[in-house]
Structure formats: structure tokens, C-alpha cells
Amino acid sequence: MIERENPYICGRAWTELHMLQELRMKNPLVVCITNNVVKTFTANGLLAVGASPVMSECVEDLENLIVHASAMLINIGTVTPDKFEYYKSALRLAKQHRVPVVLDPVGCHAGSYRLSVALDLLDAQGISLLRGNQSEIKAVYAALHDNQHESSPGSGQGVDGGQVDDISSVIYNLSRLLHCPVVATGTLDYVSDGTRVYSVPHGHPLMTSVTGTGCLLGAVLAAFMSISGIFFNRLSQAEFLAYVLAYYDIAGERAAEACGMLSGSFSTAFIDELYTMNDAVLNEADAMRPVIVPEQLKVYFICGTQDVGHSEDTLLETVQAACRGGVTCFQYREKGDNTLIGIDKLATAQKLKNICAAYNVLYIINDDVALAVAVGADGVHVGQEDMNLESVRNYMGHKVVGISIHSQEELKQTDIVHADYAGIGPVYPTGSKADAQALCGPERIGELQRAGLSLPIVGIGGITLDNAKEVLHEGACGVAVISAIAGADDPCEAAQQLTQIFKDK
Ligand SMILES: Nc1ncnc2c1ncn2[C@@H]1O[C@H](COP(=O)(O)OP(=O)(O)OP(=O)(O)O)[C@@H](O)[C@H]1O
Ligand SMILES: Cc1ncsc1CCO
Ligand SMILES: [Mg+2]
């Protein structure tokens, strides 16, 4: 986290994260129902992190343990029909006792029996987090999304996986389908809570040269799930999990150095690093990076009190209705005469954050970087006239940064590496922006892409149900609207109709 004074929090800065300290203080009991290959490594790894492991193999035993359990891991690595029955009973017991469960669908890309086991467990609705390598996660998504699993012959691979091209979209969509966060590991790790997506640029290839680093990660994530609640006023679920991944992967990097790059010694060195690491590493490192997937930008609603008769109540009602209608992203933009400032703006921004959180809607603040940091928004959107992009990135850290671009000249002047998505417009005439630039038409989107703009793009300005499709056909991932929703008689219905254009695109 960045240490910097913020006018909205009266000179206070972010305090440090103490995730490891909390975990070690709690010393959570993690019940592991795991495969025969990795039991000792998993138990030693959990002890090194500061959790208390117990491996359990039958319901009679689990009925006693569950009363004291803080978390559970179900890893299907050496599944048998009998064990499958046990997993189902374990899941039922965990649900009864409100114990969070991490599912590791080991090898489900390699064999259809494993896949059907993983799908049945997910179908039972008690899984709190799904963690697999990228190939496993992709197999689960393909089965649920395309109904492919019955005929799938398997990949012909072992339990290890490869890289998957569109893995960030896969985990975002899968997390929304399953209503639980999803972690996919590989060269980069990815996590989504169905609202945000982060990549974690850490780890070491040696982590794949010993078996069980993924399996242990599932157990470590389970341990951290047991303390996640105390961080939710500061971190989203996705950020919390990304910090756990960063901790784990940085331990892998340090272990690779320490063991002289030898795979046999790596396991021991890795346990040592998990044991000696402290919270300082999370407060300094480039722990995670934001990822914007096209689906997050589909229907992007922008609103402030100026758009709804200067009434805070109407603003909150309108945003709630839009969220109910299915918008994927909301930007709080308070701009113009007689709009909210200072403490009033802060209070409204906080209420809007709570509404977005309740509906899995990405929450972005317009222009006001300090406000975005103060309320812990998911990101900020800035124009060409605002703070320069590199400063915005430094201030926002791993949060999303959006930038408005109107022309090729502006694209050339923009330090685009610091942005995560671009807003392009005005594509059509609009009455919602007093200082709007010259009309650029939807063609500008394709033109800027051909000129090298590779960020996800949202079109903006005068977009309605009637012209929205042209904007998508030009290459935008989504449409940003103000009046099409805020000015509608029924904002919920207006939002719903805009989401429909993606169904028959
Ligand atoms: N090429 C790589 N470079 C850096 N780190 C990697 C690489 N591949 C995997 N990792 C790290 O290794 C750990 C395990 O991920 P992996 O995807 O190998 O899991 P897995 O296949 O389920 O492992 P297993 O089933 O053997 O336990 C993660 O922390 C991940 O970040
Ligand atoms: C190698 C292997 N086979 C089944 S489980 C397992 C451990 C890594 O997932
Ligand atoms: Mg695995």
C-alpha cells in the first residue's frame, strides 16, 4: 500500500496490512481432505505459514473435527468412488458448521470422471473458493458454459497444466457463474471475485518441478479464508486473495534463489521461506496488477447528482436500480455547479460503493484520485486535463486506471502503459457533458485500435439502445451511458435492455 496523505482522510495514510500476523495469531485449524501424493508436504507447509493442519479420511472422524475447524480443503487428486461420497458428506458438514471450503479440482482437464466429480461438488453450492491450475479452471468453465463435459475425452496430460489464452475472462465469468472467487495458477496467477480481476506477477518455474505446490496453495488459501472477514472493510475479496498469492509466490522466488536452482532442495527451501516471511513483503512488493476484461465494461453507467436533479436520494435510487438491471461497471462522476464536495461527496461515494458491492458492480470514481483512495474504490477514471497518468498510477497502485482519449494526437501524448482501459468519445452528440470535445463518431474506435491502442475500450457519448451496437461493431467492449439510464423513466429496465444488446450481438 502507498503511504501518502489524503485530504479526505484528514492527513492519515493507509496503515500497513498485517495478514500474516493475524493468521499466526489465530493459528486456524485447517481440515485437509487431500490426495495421497501431497499430504506431508501440505501439513508441513501449513505449519510453516502458521496454521494448524489435520488430514481427515472418514466422516466419523470429521464429525468431531468440524466443530473446531476454521477452514476445509477438498482436493480430488486421488479420487475414488468411495472418496467422492466422502467429499460430498464433508461439504454438507462444512455447510452446516459454516466452515469455508476450498475446492482443488486436480486433473479435471485430464479425465472426465474427475471433471464430473468437481462439477457435482460445485453444484452442491457450498464451495467458498475454487483453486486450480489454468487448464483445470478452463475445463470447469468449458463444461459449465458450453455443456461440453459429457463428450470430453480429456487432454491426454497429467495433473500439471499449461497456459490458457483468455484465462482472465474465464475466471471472471466463472466466478460470476459460481458465486464464489476463483484462482487460476500458472506463469502468472489470476484471481477474480466476480467483480474485479487481478494478476499476480510472481512465482518461479521451479515451483512446477516439485509436485504439490498447487495443492499446498489450496490449503494455504483455505487457512487465509478463515481470517478474510476482518480485512473486508479495507480490501475486496479479490485483493485479499491476490495478497495471499503474492506472499506464496514471492516465497517461491526466494526459495529458488536459496536452493541453488535445484528441484530436490527447492521443497525444503520453500517451506523455510513460507516460515520466515513476514508482512513487510506485502507492503513493499508489486504484489498484484489490475486486469480489465471486456465483460467488465459491457454496460458502464456514469452518474452524479447533476444528472438526477441534484438529489442524493435520487442518485442512490437510480444507481441501485441500474445495478439491479445488470450494469457491470459504475462511475461516480460529480461535476458542475451545485454538486457535492468535501465530506458530503465522501459520504455519498461510500454509500455508492456499498450499493455496487451488493450487486457485484465494478466501482470507479471520476477524476478525484484522493476520493477513490479514501473510499477504497476499485479504480479511477481520468481525462487528458487531469493529473498525469504516471502520477495517477503511483497514487492508485494496483487499482484500475481508466483514461479518456479522443484522437490520434491524444493517443500519442498519453503514457498508455499506466492505464487499464480507455474511454473513447463522444461517439454521438450528447447533452450530458458541458465541456465535451468535438464529435468523433464510432469509427474513431477502430481508427485508434489500428493506430496501436490495445487496451479494452468503452465508447461514450450519446449512446442509446438504437445506436449501441454500432459502437460494439467498431471494436468497443462496452458502452458508457449517462442519460440512457439516468434519464429513463425506469432506470432498471433501461439497464436491462442495454445488457440485452450483448446477447444477440
Ligand atoms: N511458469 C511459472 N513461473 C512461475 N511460477 C509458477 C509457474 N508455474 C506455476 N507457478 C507457481 O506454482 C504454484 C503452483 O501452481 P501450478 O499451476 O503449478 O499448480 P498445480 O498444477 O495445481 O500444481 P500441483 O498439482 O502439482 O500441486 C503457484 O504458486 C504458481 O504461481
Ligand atoms: C501427481 C498427482 N497425481 C494425482 S494428485 C497429484 C499431486 C499433484 O496434484
Ligand atoms: Mg494441482
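First listed ligand is number 1; within each ligand, the first listed atom is number 1.
- The closest side-chain heavy-atom distance from D420 to R393 is below 4.5 Å.
- With hydrogens and angles left out, the side-chain atoms of T185 and N133 include no donor and acceptor closer than 3.5 Å.
- Contact of the Q331 side chain with the F301 side chain is not registered, since no non-hydrogen atoms from C-beta on lie closer than 4.5 Å.
- Among all protein heavy atoms, the one lying closest to atom 3 (N) of ligand 2 is V159 CG1, 3.8 Å.
- Distance CD1/I405 to CD/Q413: 10.5 Å, rounded to 0.5 Å.
- Of all the atoms in ligand 2, the ones that sit under 4.0 Å from a non-hydrogen atom of V106 are 9 (O).
- If you run side chain to side chain contact (heavy atoms under 4.5 Å, CB included) between F330 and each of V299, L352, D378, I302, only L352 comes through.
- Nearest to atom 6 (C) of ligand 2 among the protein's heavy atoms is V37 CG2, 3.7 Å.
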Cut-off 3.5 Å, no hydrogens considered: what does the side-chain donor-acceptor table look like for residues 31-41, sequence neighbours left out?
from	atom 1	to	atom 2	distance (Å)
N35	OD1	V37	N	2.9
N35	OD1	V38	N	3.2
N35	ND2	N75	OD1	3.0
N36	OD1	K39	NZ	3.1
K39	NZ	E57	OE2	2.9

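- Of the options R289, K399, R196, a salt bridge (Lys or Arg N to Asp or Glu O under 4.0 Å) to E239 is made by K399 and by none of the others.
- Closer than 4.0 angstrom to ligand 1 sit non-hydrogen atoms from R131, N133, T185, G186, T187, D189, G203, H204, P205, M207, T208, T211, G212, T213, G214, C215, Y248, D249.
- In this structure, the side chains of Y247 and H202 stay at 4.5 Å or more apart for every pair of heavy atoms.
- Closest to atom 4 (C) of ligand 2, if we only count protein heavy atoms, is G77 O, 3.3 Å.
- Distances below 4.0 Å separate heavy atoms of T211 from the following atoms of ligand 2: 1 (C), 7 (C), 8 (C).
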Evaluation steps, side-chain hydrogen bond (donor to acceptor under 3.5 Å, both in side chains), between T78 and K83: CA-CA 9 Å; T78 46; K83 283 189 196 165; 3.2 Å; yes
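- Using a 4.0 Å cut-off to heavy atoms of C215, the atoms of ligand 2 that qualify are 8 (C), 9 (O).
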